[in-house]
Structure formats: C-alpha cells, structure tokens
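Worksheet: one structure, shown below.
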Protein chains: 2
Amino acid sequence: MKDYKFSSTALRMKSSIIRELLKEAMNPGMISFGGGVPDPETFPREELAKVADKVIREEYSHSLQYCPTEGDSVLREAYLKYLERAEGITGLNLDNIIVTVGSQSALHLISEILLDEDSIYFVSKPIYLGAASAFALRSLNHEDLELQDDGIDLDRLEKRLAEIEKAGEMDKVKFIYVIPNFHNPAGVSLSLEKRKRLIEIAEKYDLLIIEDDPYGELRYEGEHIPSLFKLAGKERVLMFRTFSKVLSPGMRIGLVVGHENLVRKVTQAKQAADLCSPSLTQRIAGRYLEQYDLRESLKPTIALYKKKMKLMLDELEKDFSDIPGVKWTKPSGGLFIWLCLPEGFNTLEMMEYGKKNGVLFIPGVAFTIDNSCENCMRLSFCLPPEKEIIEGVARLKKTVLEYGKMKGLL
Amino acid sequence: MKDYKFSSTALRMKSSIIRELLKEAMNPGMISFGGGVPDPETFPREELAKVADKVIREEYSHSLQYCPTEGDSVLREAYLKYLERAEGITGLNLDNIIVTVGSQSALHLISEILLDEDSIYFVSKPIYLGAASAFALRSLNHEDLELQDDGIDLDRLEKRLAEIEKAGEMDKVKFIYVIPNFHNPAGVSLSLEKRKRLIEIAEKYDLLIIEDDPYGELRYEGEHIPSLFKLAGKERVLMFRTFSKVLSPGMRIGLVVGHENLVRKVTQAKQAADLCSPSLTQRIAGRYLEQYDLRESLKPTIALYKKKMKLMLDELEKDFSDIPGVKWTKPSGGLFIWLCLPEGFNTLEMMEYGKKNGVLFIPGVAFTIDNSCENCMRLSFCLPPEKEIIEGVARLKKTVLEYGKMKGLL
C-alpha cells in the first residue's frame, strides 16, 4: 500500500512540540523544567496498593467488569461528597457528573459536542496546549484573550462579544474556556473580582463557561477563591476536575460536573469514544476517597511543591533580576512559572543553547495557536530536586546570556 | 441558560438502544441474553490482585505516572511477544503497536483519522454497534455487506467497488471493516477461502482492511484460521485486539497493530483524545502477560463458554426447530448467536412480550444502520448460569408463540 488515505482532520494533526522536546529530558545530566508531571514520591502508593488489592479481590465483579459510560457510581458519589466537603458545592446528583479518561478526554468530548467548523470559542493566550489541540480538531475560530496578572483580559472579551453580536454571529459563539487557578502555562489566577465580572458577561450574552481546574487544590499561599461553578451554578458553568495532580495521573481520571443536559450529551459522545473509562482505576479512586481525607493527604505534597516553587522564584530573583526587561509570574500554587524575556528573544531557537548547557524548558510558542509568545517560556518546578532547581536556573541564566549576546540583544 | 448550543454531530447522537434495554436486566427474575459482557468468575482475580499490589508498590514511578501516548512499553513488548508465540506474527517492533482505551477508542480514533464527510467505508450487515456509532460520527456513507454463513458477501463487495471505480470515486473509499472471528452480533466467521479472496480484492483496489478481532481467542471447536493480518501483513491490514474478553473488560485495554505510518497517525489523534491510556491497568496487564500464560489461563473460560454455547444451541434445537422459517447461527466460538424469525416478526416490538415473560434479548435493528434485520435478535450465552439458559430459551419460545399468534404469523 503506497499511501494511506487520511482524513482532512488527520492531515492537520502534528506531534506535540512538548512531546518531542521531552525526549531530551532523558539525557544524563540534563535538568528539565519542561514536563508538568507530578513528583512520583507524592503518590500515596502504600494506600493505593492496599485499596487496589481489596477492590480486585472483593469487588471483582465491578472493578474488572465494564462499568456505566457515566462512570463508576462509587466514585461519582464519593466525588460529589468531596465537592460538598471541600468547596461547599451542593444540590448535585449522579446525573450531574461523568468520569472521563483524564481531562484531555473531557476536552475532546466537549469539542465534539459543541464545536462545528464555523464555531467561535474564547480561550486564553497563552493557552493550555491540550485544550488547543482538542478544540482545533473541530474549529479553528479561536478568539484569544491575553492573560494578565489577574487572569484573562475581560475588556477584550466584552469588546469582541459586542462586535460579534453586531455582526449577528452570536449563535456561533459556543463557550469561554478558562483555567481559573494557577494557569498552565502562565501560573496566574483569575481574581474573585474578575470571576464575578466574567459571570456577568456570560449571563449577558447567555454563554457557557468551561472551567478547567486541575490545580485548584494545589494552593501554596493566599486564600482559596470560590470556583466559577460555585459562584454561578451548573446552568452557566461546566467544571472539569482531575485526580492527575492530586492522586495519580496514571489512573487517568477526569471528572466533568455540570447541568444534566450537558452531562447527558457528553455521555452519548463518550459512548462512541471509549464506551466507558476503566472500572478498576475508578473503583480504586472511589474507595480511596471514601477511606482517606484527600485534602489531609495532600498536605505533604503542598509543602514539597511550595518549597520548590519558592526556591525557583528566589533563584530567578537572584539570577535574573539584572536582565533588563525580563519578567516572570509569581504564582500562589500549581506547577508552573511563565518567564518572558525581552522582545527579540526566541525561546524555541534558544532551546539548542539550553540543551548544550544541560537545561530544558518549554518555549512559549508551544502554548499559542498563532505561534506568538516567542520570547516566553514555561518553567515547571515540581519534579526536579532542590539542588537541580538551583543549578538549572544558573544554567538557564548562562543560556540567556549566551543567546542574548550572540543575537546582540544584551 | 435556556439551551446549550450543540454541534451538528452532537445533535445526531442518540443513546444506545442496548444501553436502554439492559437497564431492564436488573429486574429481579429477569433472564438476560442481552449483554455481551464476560462472566466475572472468569477474571483471574487472585493473580491480578497480586500483580497490581506489586506494580503499585514497586513500580509506582511508572504505574501511577503519565505514560507515553503509544502506551506502556512493558505491555507493548509483552504483547508483541504474545502475538509471535500465539499466532506466529513476526517482524514487528514498538512502532507498530499502540494501546487504546478498549477497542471502542481505537474505532473512534480510526474514524477520526480516516473519514471525511464524503468518505465511503464497507461494513457488515448486521454490524457491531460500537463501530457503526464511531464511524457515523464522521461519515454516513456506509456500504453494507450482508453476512453469510462464511462471512461478508464478497460478490457484493466486488460489484460495488467496480461501480465506485467506474464513477471515479475510489479515492473516497477508506477501508473495509471486518470482524473475522465469531462476529458480534452474528456469530459467524470469515472462512480461510474468503479471507484470501478479501485480501486479493483489497490489493486490487489498494484498500485498507480493518480487522477487529476481540473474540478470536475464544474458539470452542474447529481449527484456528490465520488472521488477515498474518495472511496479508501490516501494509494491508490494521488489526485491533483487546483484553476485554480474555482478561478483564474493566481494564479497558485495546491494542492497534499495524503499519508504523498508520500507528503514528493514530498516536497523534490519541494525544488530543486522551493524552495516554491509564498506566496502571497497562502495567498490570503487561506484567500479567510476562508472568502467566494467557492461552493456558483461558482454558477454563473456554470450557465454560463452550458448555454454555452448546447448551443454548441444544435448547434452541429442542424448542425452536418446529417453528417454520426460523434459523440461527451455529458459532464455533465467541459470545453470540444470531436468531432470525420468519419475515413479519418485529423483535423490537416483541421485546415487550419478552419482558412480560422475563426474558431479554437485543433486537436486530440495534445492529443495523438502516433499521433492517427487524425479524432477528442477538442472544448471548456467556453470562447466565446453565439453568437460566434452559429456562430463558423456554421463555423465548413462549414469547415467540404469543407474539406470532397475536400477529397471525404462526
């Protein structure tokens, strides 16, 4: 067979730049600020092993069998109780929650049930790469909202919505996608004030907000800000949650919480997409949630990441504050710092210098649809040990100086 | 929010008829020949519990962490060795295999990477429902090949291909989808002779064959027939395998084996669809395959299902052979028998009579895209205990007689 006859969608697909870059992270001596993967030492392995053994031996007729497309009811019930305990979200039942294969599959299902080729959707710039790729499979009409220190640019949102309404195209606008807490890649959070204003705008134009919140439980300082879902309710907000950053990404458990009409349509799409998520990992997570206090067990993880984040911020302060025009975000949680160099720097090009110096980061272009943000980079502090954070930031400084001088930028 | 703005694809989605019907199976006293789910007593729970405990405690940095989109390499390597041992398939490496969330997600990914709205694809009639729903998300131009006792109607295939070629539309034909062994729902297998002829036709028109083989390892009598993949090779055939019927459906492990160019494109699509399959279930399955002989451990399962199948066939012979015009398939393996009543019977309508009499089956229309096969039904023998098979067939006979007399058909 000479050529396979791929679809037009398939011909648009490219391998992720992150994926390609991270292969380098395996090289000996390399310090990587690239991946957004949790530190495996934070996984409660003893507890999970115990729970797994029990659910396989004693609950095999559920844990090893097919389960409903909506997900294991033990897990869904336990998660609704968790939402009530942890965030005071009440009034939901099993019709308001569906389990997905990580948040990525939730993004994909949402893209399938909401987007047509001419659909318009609002996203942040920079954007979480997984969302960009899932949405782009269906529609390329993204409207970008610049990320500011307190979240997406709402002036721009209002301006564009007014224009779209004037053009009579409001029917095409499907949703506003936001990561409100400790944004990936930018690290910033949407302030309470802006959350309220965003909800007002969404109500005015009768728009759906998709609230993707993988990092909200990883707050290292400051006060918890109520979720958009808590503030506006299930009619207005569809909320994505995941166990990937708080229990284990390898279990691939995402949760979609929202209005029953939306959850029902996600269920129909999921039926054709994968029939059901793995019963085994769901039952393990469900029993774990029943038997352990997730927030309590997260405390050592939070302490560890907080220490690493502070260290990286301190090292950046020490090594980078003398570079004119450089700036970086100062998150209160999550896994990422977004560092922007002066105009003229191209972090994708700079990668080669970084590799030579033994340090990896993700160039900003990877998080934009229009290949902008080329002077920025994403740094993750969660995986490298403390001494590697110190050494890695020093190598990064060296890389910036080398590249900047070579290009006549410094 | 008054209405959510669903995509045109979403508006076409319906809940599966099987799903709705199977809710009835929970009613006390109901005997169900409906579901195609394995008997949980066949799951090797002791072995799986031991393996799970070990991979969580000792391999947590892989089993609980993200894994490559292509899948856990322990599992992929173990499966390639299994294919070589069990079926003499050689010459493959890790670039030829990707793990999916059950075969359903493989069907969905294939639909995404191969089908455009005007694409043509060949399927059997009746068709496996999951394939129909995944393909229909992208294109409705299915070409149906009637199932005969030895598999799909190849005369029809040749005739239609000649017509399509004459019309200059061969570029639109994307693949021929076949379940060669113990077809769901029809129970029949594609003969060796027809396999060879199918490959010749595919070669003549340079077409891809998708070989979906969930049941091949569940042969109860007769000789193993080589797979299309074994006969024609990776350039011509993309093969789907799964652990759902031979180990545990709840682990949701499907495998796609084929040419590296196709596997690479499936990988790109999977990245946007779910990032990666669960590492935990993959690592468990990989270590299980290394430590146990899957074919050996399947022997009791095969003995159990063989006994149940023979019992159901005997009971059908006893109770149904006096109904003029009735016929049913006599499979050599798998999970399903396809029973067709005389013209005029409508098994969807007959469901109500079945429920009243305490017996469930899946009406034939559920397995067609054009709502045909209305006089047929799918019967599964794998889950009910033997005495329920005897009683259930008797109830089915009673149902057929009642309905037939009421309609003046008998």
Side-chain angles (χ1 to χ4, degrees), chain A residues 1 4-10 13-16 37 40 43 45 48-49 52-53 56-57 60-61 63-67 101-102 104-105 108 112-116 130 133-134 137 171 174 206 208 235-236 248-252 261-262 265 268-269 271-281, chain B residues 1-2 4-10 13-16 37 40 43 45 48-49 52-53 56-57 60-61 63-67 101-102 104-105 108 112-116 130 133-134 137 171 174 206 208 235-236 248-252 261-262 265 268-269 271-275 277-281:
Chain A
M1 200 152 184
Y4 297 105
K5 292 184 260 185
F6 291 118
S7 67
S8 53
T9 306
M13 290 174 185
K14 285 173 293 189
S15 281
S16 143
V37 307
F43 305 149
R45 58 185 188 270
L48 288 174
D53 187 84
I56 294 176
R57 281 178 210 274
Y60 61 95
S61 66
S63 67
L64 299 177
Q65 186 61 287
Y66 291 104
C67 81
V101 179
Q104 187 60 42
S105 113
H108 192 262
E112 195 160 84
I113 69 164
L114 291 174
L115 298 180
D116 286 308
S133 60
L137 287 178
D171 269 0
K174 297 304 184 86
D206 199 20
L208 177 69
E235 300 241 329
R236 182 66 52 206
S248 148
M251 291 170 72
R252 308 299 301 124
N261 293 352
L262 269 171
K265 200 49 99 175
Q268 288 174 2
Q271 204 171 6
D274 58 28
L275 214 59
C276 63
S277 284
S279 318
L280 179 56
T281 53
Chain B
M1 200 151 183
K2 283 187 298 293
Y4 296 106
K5 291 184 260 185
F6 292 118
S7 67
S8 52
T9 306
M13 291 174 186
K14 284 173 293 188
S15 281
S16 144
V37 307
F43 305 148
R45 57 184 188 270
L48 288 174
D53 187 85
I56 294 175
R57 282 179 209 272
Y60 62 95
S61 65
S63 66
L64 299 177
Q65 186 61 285
Y66 291 105
C67 81
V101 180
Q104 187 61 41
S105 117
H108 193 261
E112 194 159 86
I113 69 165
L114 291 174
L115 297 180
D116 287 308
S133 61
L137 286 178
D171 270 1
K174 296 305 183 84
D206 199 21
L208 178 69
E235 301 239 329
R236 183 64 52 204
S248 148
M251 291 170 72
R252 308 299 302 125
N261 292 354
L262 269 171
K265 199 51 95 174
Q268 289 175 4
Q271 206 170 5
D274 58 28
L275 215 59
S277 285
S279 318
L280 179 55
T281 53

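Source: prediction; values computed, not measured. Below, read A as the first sequence line, B as the second, and so on, with proteins coming before strands; counting in each chain starts at 1. Side chains are part of it too, since the values below use all heavy atoms of this structure and drop only hydrogens, waters and symmetry mates.
Using a 4.5 Å cut-off between heavy atoms, A/S63 contacts chain B through its backbone alone, with no side-chain atom that close. In this structure, the portion of B/L115 lying under 4.5 Å from any heavy atom of chain A is its backbone and not its side chain.
For the options A/V37, A/L280, A/L137, heavy-atom pairs under 4.5 Å to chain B are most numerous at A/V37. Listed options B/A49, B/G102, B/S133, B/A52 were ranked by heavy-atom pairs under 4.5 angstrom with chain A; first place goes to B/A49. Most heavy-atom pairs under 4.5 Å with chain A, from the set B/M13, B/R57, B/Q65: that is B/Q65. Counting heavy-atom pairs under 4.5 Å between each of B/A273, B/P40, B/A269, B/G130 and chain A puts B/A273 at the top. If you tally non-hydrogen atom pairs under 4.5 Å between each of B/I113, B/T9, B/L64 and chain A, the highest count goes to B/L64. Chain B forms the most heavy-atom pairs under 4.5 Å with one residue out of A/T281, A/L262, A/L275, A/L48, and that residue is A/L262.
B/R252 places a side-chain N or O within donor-acceptor distance of the main-chain N or O of A/C276, the cut-off being under 3.5 Å. With A/K5 contributing its side chain and B/L114 its backbone, the two residues share no donor-acceptor pair below 3.5 Å.
The closest side-chain heavy-atom distance from B/E235 to A/Y4 is below 4.5 Å. At a threshold of 4.5 Å between non-hydrogen side-chain atoms, the residues B/H108 and A/H108 count as touching.
Legend: residues meeting side chain to side chain contact (heavy atoms under 4.5 Å, CB included) with A/D116, ordered by chain and number and at least two apart, are A/D118, A/S119, A/R138, A/K174, B/S7, B/S8. The side chain to side chain contact (heavy atoms under 4.5 Å, CB included) check on A/S279 picks up A/C67, with sequence neighbours excluded.
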